[in-house]
Amino acid sequence: MGADGKVRVRFAPSPTGALHIGGAHTALFNWLWARRTGGSFILRIEDTDRERSTAEYERTIMDGMRWLGLDWDEGPDKGGDHGPYRQSERMDGYREAAMALVRSDRAYMDGRAVIFRVPSGENILLDDVIYGAINVASEKSSVNQDGSVKDIVLIKSDGMPTYNFAVVVDDHSMGVTCVIRGEDHIANTPKQILIYRALGWETPQFAHLPMILGSDKKKLSKRHGATSVFEYSDMGYLPDAVFNFLALLGWTPGGGVEIFGRELAARAFELSNVTKKPAVFDTDKLNYVNQEHLKAMSPAARREAVEPFWRDLGLRYERHPREYTENALTLMGGRGRTTRELAEYSDYFVDFEPVKSRYDASETDGPHRGTLREFFGALYDKFGTSGWEAAKLEEFAREWCGENGVSLKEIAMPMRLALSGRKVSPGVFEMAGLMGGEECRARLSYYQFV
RNA sequence: GGUCCCAUCGUCCAGCGGUCUAGGACAUCGCCCUUUCAAGGCGGCGACACGGGUUCGAACCCCGUUGGGACCGCCA
């Protein structure tokens, strides 16, 4: 606990790449714990690698976090009582701590570098919130490939602190109470604990999160496709769905609940309930979660999510009243698992052009077209072009088919194709009702059905 | 090679010594619904890695084996 007893956690990415799935997962669990406990979530930028760190990546990471709805309480952009929040701006602290260690002979100078003496014969206990007790002999905490003890570099020759040193100094001075990070850091922790001890500082709690693996069970990387969370956005995944799916990797709110939002997660989250087993990133499940969120959205929110994809497809959705496109998407029901799919599958509601390029009505040449013309003729005789209602259209179609010995399917499928250019769509009378008699006539006459 | 971690259906989780002939979700297969496809409903297939202990009793505790993984940079 911090000075005031409040939990303080942090997400500390290095701005050497975009926010990827693994980082997002770590950030998410930190966020959950902070929100659950009413504590603070700190964003700290670990830019001590001057070669690879860029301001652009720093922005991208923050944008990624915002996209996921992970807001932070302290950070480089908004300040806080423990700033600055970029390691490159905290050099004095590292220098000071390093010199203290040199004075107490726990470290020594090597040129411009400062090196920590790794002690022997000490037991290091890492009492991890998730993994439990892990014991490591101090002389095994930092070794060369041949197993010999290797002293730990604190300050590099370029004057910058190393990761293992900077984390300790910052987590301590920022009052971090619990370090939540990926399991790949377990091996670093004993070294850090040694540094805490030498500095006479109390260690924070540690909670290591299971890794996220690709379908080949290897640590997730660019090889597995998407590297940035924005690629998921581009593919048509909703931020709420990615949040939900990521939260499910290593945790459940319990009670069999799998589809949930940030509020519920923040209320139910329990750090000690997080799984130890690495989790495979399963796209099928992500698709399902996304579909569920898509179904649960309000018509207006769904429309807004789909519009950019319609725009990408060159479809001029602005021509229609919002109510029309919203109703169209409502008719789409559970069709489409990503926003992108939903936009593609519903293109014909927006424009007739894609229909023309997909369907040529050649299979209705011959006697069947005569039947269709008779039906649509009767339909327009009865309804004209206004006041089209799905239920009435369907009732008429069923009656007409019964009287003329034609199966409904023989009418419905060509009609579906003429209106949508697809064999798959919502109910054809619902579509016709929404599009209206005028638009339907244009499409039907194009195929000479009317 | 060394250190450390992990081990329940293909995948994600539940199970935290008896209520487990192991539960849910995704995926998959079948049926129902039906103007198509989704959605929805119903059902099938499908796992405690193996071997020793401890215990009246083990998926749950201990040990070993096997199999995965992470780490061993003046990267973070």
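Since we're looking at a predicted model, the values are computed, not measured. In what follows, every chain begins at residue 1, and chains take the letters A, B, ... in the order their sequences are listed. The basis for the numbers below is simple: all heavy atoms, side chains too, and nothing from hydrogens, waters or symmetry mates.
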In whole angstroms, the gap separating P of B/rC74 from NZ of A/Lys150 amounts to 4 Å

Considering just the side-chain nitrogens and oxygens of A/Lys409, establish if one lies under 4.0 Å of OP1 or OP2 belonging to B/rC37. no

When you compare B/rC5 with B/rU19, how far apart are their C1' atoms, in angstrom units rounded to a whole number? 33 Å

Expressed as a whole number of Å, how far does the P atom of B/rG73 sit from that of B/rG68? 24 Å

Side chain of A/Glu183: nearest nucleotide among B/rG1, B/rC4, B/rC5? B/rC5

Kindly point out which of B/rU35, B/rC72, B/rC12 is positioned nearest to the side chain of A/Gln145? B/rC72

Among the candidates B/rA27, B/rC71, B/rU35, find the nucleotide nearest to the side-chain atoms of A/Val428. B/rU35

Test A/Arg335 against A/Glu341 for salt bridge (Lys or Arg N to Asp or Glu O under 4.0 Å), laying out the working first. CA-CA 8 Å; A/Arg335 275 157 279 244; A/Glu341 280 181 352; over 6 Å; no

With sugar-phosphate meaning primed atoms plus P, OP1 and OP2, does A/Ser425 contact a base, only sugar-phosphate, or nothing at under 4.0 Å between heavy atoms? base

Hey, does A/Ile115 reach any base, or is it just sugar-phosphate, or nothing, if we go heavy atoms under 4.0 Å? nothing

Which one, B/rU11, B/rA25, B/rC5, comes nearest to the side chain of A/Tyr131? B/rC5

Contacts of A/Asp184 and A/Asn188 projected onto RNA chain B by closest heavy atom; the upstream (5') one is A/Asp184

If the cut-off is 4.0 Å, is A/Lys218 near the phosphate of B/rG69, judged by side-chain N/O to OP1 or OP2? yes

Please report the shortest heavy-atom distance between A/Pro426 and A/Met332, naming the atom on each side. CG-SD, 3.8 Å

Please pick, from B/rU35, B/rC5, B/rC71, the nucleotide with the shortest atom-to-atom distance to any side-chain atom of A/Ile134. B/rC5

Heavy atoms only, 4.0 Å cut-off, all strands: where does A/Asn287 land among base, sugar-phosphate and nothing? nothing

A/Gln192 vs A/Phe165, side-chain contact (heavy atoms from CB on, under 4.5 Å): CA-CA, chis, key distance, verdict: CA-CA 7 Å; A/Gln192 294 169 18; A/Phe165 186 53; over 6 Å; no

Provide the distance between the two C1' atoms, one in B/rC9 and one in B/rC33, to the nearest whole Å. 29 Å

In whole Å, measure the gap between the P atoms of B/rU28 and B/rA38 for me. 10 Å

What is the nucleic acid contact for A/Thr275, judged by heavy atoms within less than 4.0 Å: base, sugar-phosphate only, or nothing? sugar-phosphate

Across the strands shown, which category fits A/Gly250 at heavy-atom distances under 4.0 angstrom: base, sugar-phosphate, nothing? sugar-phosphate

What is the distance, to the nearest angstrom, from the CZ atom on A/Arg52 to the C1' atom on B/rG73? 11 Å

Which is true for A/Phe429 with a 4.0 Å heavy-atom rule: it touches a base, it touches only sugar-phosphate, or it touches nothing? base

If you only use heavy atoms from C-beta on, which nucleotide in B/rU35, B/rC13, B/rC6 is closest to the side chain of A/Lys276? B/rC6

With respect to the phosphate group of B/rU11, does any side-chain polar atom (N or O) of A/Lys217 fall under 4.0 Å of OP1 or OP2? yes

How far, in whole Å, is B/rA7 from B/rU65 if one measures between their C1' atoms? 13 Å

Rounded distance (Å) that lies between atom C1' of B/rC16 and atom CD1 of A/Ile130: 16 Å

Taking the six-membered ring of A/Tyr446 (Phe, Tyr or Trp), confirm whether the NZ or CZ of A/Lys356 is under 6.0 Å from its centre and within 45° of its axis. yes

When you measure from the side-chain N and O atoms of A/Arg398 to the phosphate of B/rU35, is any distance below 4.0 Å, counting only OP1 and OP2? yes

Just call it for A/Glu51: base, sugar-phosphate, or nothing, with non-hydrogen atoms closer than 4.0 Å on any strand. nothing

Does a salt bridge link A/Arg44 with A/Glu46, judged by any charged N lying under 4.0 Å from a carboxylate O? yes

Base of B/rC74 paired with side chain of A/Ser157 (donor-acceptor, under 3.5 Å): yes

By the 4.0 Å heavy-atom rule, please label A/Glu46 as base, sugar-phosphate, or nothing. sugar-phosphate

Within the structure shown, what part of the strands sits under 4.0 Å from A/Thr48 by heavy-atom distance: base, sugar-phosphate, or nothing? sugar-phosphate

side-chain N/O A/Lys295 vs B/rG40 OP1/OP2, d < 4.0 Å: yes

Within this structure, what is the CG-to-P distance between A/Leu294 and B/rG40, rounded to whole angstrom? 13 Å

Side chain of A/Asp282 only, heavy atoms from C-beta on: which candidate in B/rC75, B/rC26, B/rU36 is closest? B/rC26

If you look at every strand shown and take non-hydrogen atoms under 4.0 Å, does A/Val143 touch a base, only sugar-phosphate, or nothing? sugar-phosphate

Taking the side chain of A/Val136 as heavy atoms from C-beta outward, which of B/rU3, B/rA76, B/rA70 is closest to it? B/rU3

A/Lys285 side chain, from C-beta outward: closest of B/rC4, B/rA76, B/rC12: B/rC12

Hey, does the side chain of A/Lys277 come within less than 4.0 Å of B/rU8's phosphate (OP1/OP2), counting only N and O? yes

For a quick check of understanding: with a heavy-atom distance under 4.0 Å over all strands, which category does A/Gly427 fall into, base, sugar-phosphate or nothing? base

Does a salt bridge link A/Arg36 with A/Glu270, judged by any charged N lying under 4.0 Å from a carboxylate O? yes

Does A/Leu213 or A/Trp251 map to a spot on RNA chain B nearer the 5' end, using the closest nucleotide for each? A/Trp251

d(CZ, A/Arg10; C1', B/rA76) in whole Å: 11 Å

B/rA27 phosphate, OP1 or OP2: any side-chain N/O from A/Arg337 under 4.0 angstrom? yes

In this structure, how many angstroms lie between the C1' atom of B/rG69 and the CZ atom of A/Phe281, rounded? 19 Å

Rounded interatomic separation in angstrom, taking CD from A/Gln87 and C1' from B/rA76: 9 Å

Which part of the nucleic acid does A/His185 contact within heavy-atom distance under 4.0 Å: base, sugar-phosphate only, or nothing? base

Can a side chain N or O of A/Tyr288 be found less than 4.0 Å away from OP1 or OP2 on B/rC26? yes

Will you find, in the side chains of A/Asn290 and A/Thr338, an N or O donor that is under 3.5 Å from an N or O acceptor? no

Would A/Asp170 and A/Arg10 pass as an ion pair if we require N to O under 4.0 Å? no

Within the 4.0 Å heavy-atom criterion, would you say A/Ala412 contacts the bases, only the backbone, or no part of the nucleic acid? base

Say you pick atom P in B/rA49 and the same atom in B/rA59; how far apart are they, in whole Å? 10 Å

Categorize A/Asp110 for me: base, sugar-phosphate, or nothing, with a 4.0 angstrom heavy-atom threshold over every strand shown. base

Can you tell me the distance, in whole Å, between the CD1 atom of A/Ile45 and the P atom of B/rC75? 19 Å

Same-atom distance (C1') from B/rA22 to B/rC60, integer angstrom: 12 Å

How far does the P atom of B/rC32 sit from the matching atom of B/rG10, given to the nearest Å? 29 Å

Are A/Phe29 and A/Phe269, when compared by the centres of their aromatic rings, separated by less than 6.0 Å? yes

Does some side-chain heavy atom of A/Phe206 sit less than 4.5 Å from a side-chain heavy atom of A/Ile193? yes

